[in-house]
Q: 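First, the structure itself, so that you have it in front of you.
Everything numeric in this text was worked out from a predicted model, so none of it was measured.
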There are 2 protein chains.
Amino acid sequence: MSGRVDQAEMRRANMSLMLRSLRSGDPRSRARLATETGLSKGTTSTLIADLVGLGLVREDERERTGAVGRPGTAIAIDGGRVFGVGMEINVDYLALTVVDLRGRTVHSAVAALDIASTPVAEVLDQLARLIEDAMRLARARDGQIVGIGIGAPGIVDLESGSVRFAPNLGWHGVAVARELAARLGPAGPPIRLENDSKLGAVAEFSVRENQDIEDLLYLSADVGVGAGIVAGGRLMRGWSGFSGEVGHLPIGPQGVACPCGRTGCWELNVGLNAFLALAADQGDVVHDRSVPLEERLRALRGRADSGDGRVLAALSTLAANLSIGLSVLVDVLNPRMIVLGGYFPSFSDFLLAPITAALEARRMDLGSSAILVGSKLGLTSAARGGAQLVLEDVFEDPTIAASK
Amino acid sequence: MSGRVDQAEMRRANMSLMLRSLRSGDPRSRARLATETGLSKGTTSTLIADLVGLGLVREDERERTGAVGRPGTAIAIDGGRVFGVGMEINVDYLALTVVDLRGRTVHSAVAALDIASTPVAEVLDQLARLIEDAMRLARARDGQIVGIGIGAPGIVDLESGSVRFAPNLGWHGVAVARELAARLGPAGPPIRLENDSKLGAVAEFSVRENQDIEDLLYLSADVGVGAGIVAGGRLMRGWSGFSGEVGHLPIGPQGVACPCGRTGCWELNVGLNAFLALAADQGDVVHDRSVPLEERLRALRGRADSGDGRVLAALSTLAANLSIGLSVLVDVLNPRMIVLGGYFPSFSDFLLAPITAALEARRMDLGSSAILVGSKLGLTSAARGGAQLVLEDVFEDPTIAASK
DNA sequence: AGTAATTAGTTCGGGTATTATTCAAATGAT
DNA sequence: ATCATTTGAATAATACCCGAACTAATTACT
């Protein structure tokens, strides 16, 4: 597991503890941090001094405790100097998000792009341009970007940072990390590539930092369906990063062939196309791929709100089919929370209640109940997760922020 | 995550590293251990001295390196002083295994017992007697038992060490740990209760320590079917220990009611009763519960070997039904290895090939292939896992062996 | 207003674990 | 026999944490 521990490592671990302790909760005094972490007051002071030196933490205004005694100086995470960049490569857009150390989004950009008709090299050029914008922004604020986390809808090789296979992108063996590093030059931050559903799970997990949730399941869905799993507070990747490939579970329509080669895949029931087909006729505007997806979903949502029987029936069917697959995942994974992402949150009002009821009906023990919610992160979910992933490195080893 | 690190914790971590390093591979000299761990020679020597003092490690004979230079003194894990005890509570037997620090079984016992007709208090008495035997054995060898890991087929509350619900035992809210502690008195080792499938996974994982397998799925089956999941080298428990409750996945016979209240549960297809019903008529000896299960399985195995069409057909059906569920688990978890436990290993020759073929046929990428094997641990699987679980604590913090 | 009580944060000595270096011991090669 | 090589112990230097003492800032009490 863990390696050799010397004084430097000890220091690093305690800096990490201090920074993570500071992340959860309000700014507070050194004295309070000392008792919280169990470190002595002296150590706490020198750790804070080091973290201030790294630009990760700063003194806030005085702490108004209201109690007796000398008031302390509140210490807060400094959001202005260190940034994580997250990106998402998807079928019809590229997204970028810059998140500061406090978890706040300081910049985001979306570039519409029809990936099918764009050469890979050009996509990479455009990604590089987005990153360069972010780098300029960081420079202007006299801050630094500690890393770039990129999500792609497909199979990713973590080591090499390449997309092995992304059917919806039409990509096969694209060395994203290497290509981008070449374009960005030596000043480019380290690049991490990951499956988009896994990044979505990371994003949802980090948003719920203070809710004491260590086991979370994130379900993303547009055309394809995938899951990201956080187990025991850690992203679960499986042997080779294939965990959560739930779109093709054999719990869909019996016998129906799926483009993947199997039959009866779940996403034939709960994927975007299945839902749209149920909810509207072929000529309907919601099928028009030249209209942005969000707009089409808004339209359907509007019809549901006004009582359109067809859409309501589609939602009811969708809820039932989702329930089947989710109950499988609940039995296997026992998550504390299930977050529905992708196109589902647009219909939370119609999906959450029936699915929750279905899961409850199957529940054998109180311990296997899960909290079902819709994602509130929207499109930025995977990009945000990418940024959180690289920021996590700073919390794990604050000294990496030293390179100026 | 991790807490404060001081000098004592630093020492503990390095002792742990040293001991774990020693576990994998042959006995070797201090100098070699120093280069392997990255610690200095001086530190290595003092760490070894401490570990010798704790009775965890001893000097072996001289190391014959064959190379030039002064030969070193090989250091080996001392198997004679520290033991872990594992137990299993099952429907018709109690099992106990004593495992030494080197992972070798030094003692085991099985007590036949019809749990249905035995009062809980008496079962606990008998468990306590088995443990007392093991404690005597440890005392006779001038060693100590660092803990007792107990597996039960059901829902377990880890904190309190109690069985919340074990349908096959007919148990409801039995405070196993507390009751046993009361019977064993103050000299009793700490007791850990865990679900038996999870312990099986731990056992299989520890047996494959040197095979570089970090993601493993263990499937246990007698009447009930359950899974234990090791992900990233760690036992996955889920929010409340319910992970791996796969027996009641809705991928079994459509519409057939299960005692659990659901319909179409997987174990109605792949559980022991389903298989026996397929393989032999009602009056057949294999259905006679007064005959030990192993004997009945041997009989069936014999029939299969001699070409009994009924049994072969049953095995073929079983393989097909297992394939469906396993493919679900592979998609969700992406294990490197799947170990079949329970009654399956008796029929490995007939099950492994067709299931492997079925999984391969569904595979989308090389990265999602899993190695399928039958368990070789037999009945002792869960008990062995329990022992490994408590021994793991010693590897994590060698100082706990200090209490004499 | 003045003193006591309380809490914050710094300073410093002590303890401990690590590393690097030095040195004696044991062996193979020349 | 002598030298090179490797092991393992001994020693000095360094880094970090802890605890106690101390200064600082504020409230509570008389």
Side-chain angles (χ1 to χ4, degrees), chain A residues 2-18 21-22 26-53 57-76 397-399, chain B residues 2-19 21-22 27-53 57-76 397-399:
Chain A
S2 43
R4 165 183 84 103
V5 180
D6 57 7
Q7 275 99 335
E9 169 63 19
M10 179 161 102
R11 185 70 170 174
R12 191 208 57 68
N14 284 331
M15 278 177 78
S16 169
L17 175 66
M18 191 59 68
S21 176
L22 220 30
D26 291 325
R28 48 207 186 281
S29 68
R30 293 173 176 82
R32 193 169 304 228
L33 288 166
T35 52
E36 274 180 31
T37 56
L39 291 160
S40 71
K41 289 202 296 178
T43 304
T44 301
S45 286
T46 62
L47 282 172
I48 297 292
D50 280 7
L51 289 170
V52 169
V57 138
R58 60 180 167 66
E59 291 198 339
D60 231 37
E61 71 284 4
R62 279 295 160 79
E63 194 185 35
R64 293 265 102 246
T65 58
V68 306
R70 170 179 165 179
T73 319
I75 308 294
D397 180 4
T399 58
Chain B
S2 41
R4 161 184 87 103
V5 181
D6 57 8
Q7 275 99 335
E9 168 64 17
M10 180 161 104
R11 186 69 170 173
R12 192 208 56 69
N14 284 332
M15 278 177 81
S16 167
L17 175 66
M18 190 59 66
L19 198 58
S21 175
L22 219 32
R28 46 207 186 282
S29 68
R30 293 171 175 83
R32 195 170 300 231
L33 288 166
T35 52
E36 272 180 32
T37 56
L39 291 160
S40 71
K41 290 203 293 178
T43 304
T44 302
S45 287
T46 62
L47 283 171
I48 297 293
D50 280 8
L51 288 170
V52 169
V57 139
R58 59 179 166 70
E59 291 197 340
D60 231 35
E61 71 284 4
R62 280 292 160 80
E63 193 186 36
R64 294 265 99 243
T65 56
V68 306
R70 169 180 167 179
T73 319
I75 308 295
D397 181 2
T399 58

Q: Using a 4.0 Å heavy-atom cut-off, does Ser45(A) contact any base of the nucleic acid, only the sugar-phosphate backbone, or nothing at all?
A: base
Q: Whole angstrom is fine here: how far is it from CE in Met18(B) over to P in dG8(D)?
A: 12 Å
Q: Rounded to whole Å, how long is the line connecting atom CD1 of Ile48(B) with atom C1' of dA10(D)?
A: 18 Å
Q: I need the CD-C1' distance between Glu59(A) and dA8(C), as an integer number of Å.
A: 12 Å
Q: Is a donor-acceptor pair below 3.5 Å formed from side chain Arg70(A) to base dA8(C), judging by atom type as modelled?
A: yes
Q: What heavy-atom pair brings Leu51(B) and Pro398(B) nearest, and what distance separates the two atoms?
A: CD2-CB, 3.9 Å
Q: Work out which heavy atom in Ser45(B) is nearest to a heavy atom in Arg30(B); give both atom names and the distance.
A: OG-CD, 3.7 Å
Q: For Arg12(B), which contact category applies under a 4.0 Å heavy-atom criterion: base, sugar-phosphate, or nothing?
A: nothing
Q: Give a yes/no on whether any side-chain N or O of Arg4(A) is located under 4.0 angstrom from OP1 or OP2 of dT19(C).
A: yes
Q: Taking only the side-chain nitrogens and oxygens of Thr46(B), find out if one of them lies under 4.0 Å from OP1 or OP2 of dA17(C).
A: no
Q: Test Ile75(B) against every option in Thr44(B), Leu33(B), Val52(B) by the side chain to side chain contact (heavy atoms under 4.5 Å, CB included) rule and name the one that passes.
A: Leu33(B)
Q: Between the base of dA17(C) and the side chain of Gln7(B), is there a donor and acceptor pair under 3.5 angstrom?
A: no
Q: Any luck finding a side-chain donor-acceptor pair between Arg11(A) and Thr46(A) under 3.5 Å?
A: yes
Q: Looking for any heavy atom pair under 4.0 Å, which part of the strands does Thr73(A) touch: base, sugar-phosphate only, or nothing?
A: sugar-phosphate
Q: Rounded to the nearest angstrom, tell me the gap between atom CG in Leu47(A) and atom C1' in dA15(D).
A: 13 Å
Q: Under 4.0 Å between a side-chain N or O of Ser29(A) and OP1 or OP2 of dG9(C)?
A: yes
Q: Figure out the CE/P separation between Met15(B) and dT18(C), and round it to whole Å.
A: 10 Å
Q: Within the pair Ser40(A) and dC17(D), is there a side-chain N or O less than 4.0 Å away from OP1 or OP2?
A: no
Q: If you compare every side-chain N and O of Asn14(B) against the phosphate oxygens of dT18(C) (OP1, OP2), does one of them come in below 4.0 Å?
A: yes
Q: By nearest heavy atom, map Lys41(A) and Met10(A) onto DNA chain D; which one lands nearer the 5' end?
A: Met10(A)
Q: Between Arg4(B) and Asp6(B), what is the shortest heavy-atom contact and its length?
A: NH1-OD2, 3.5 Å
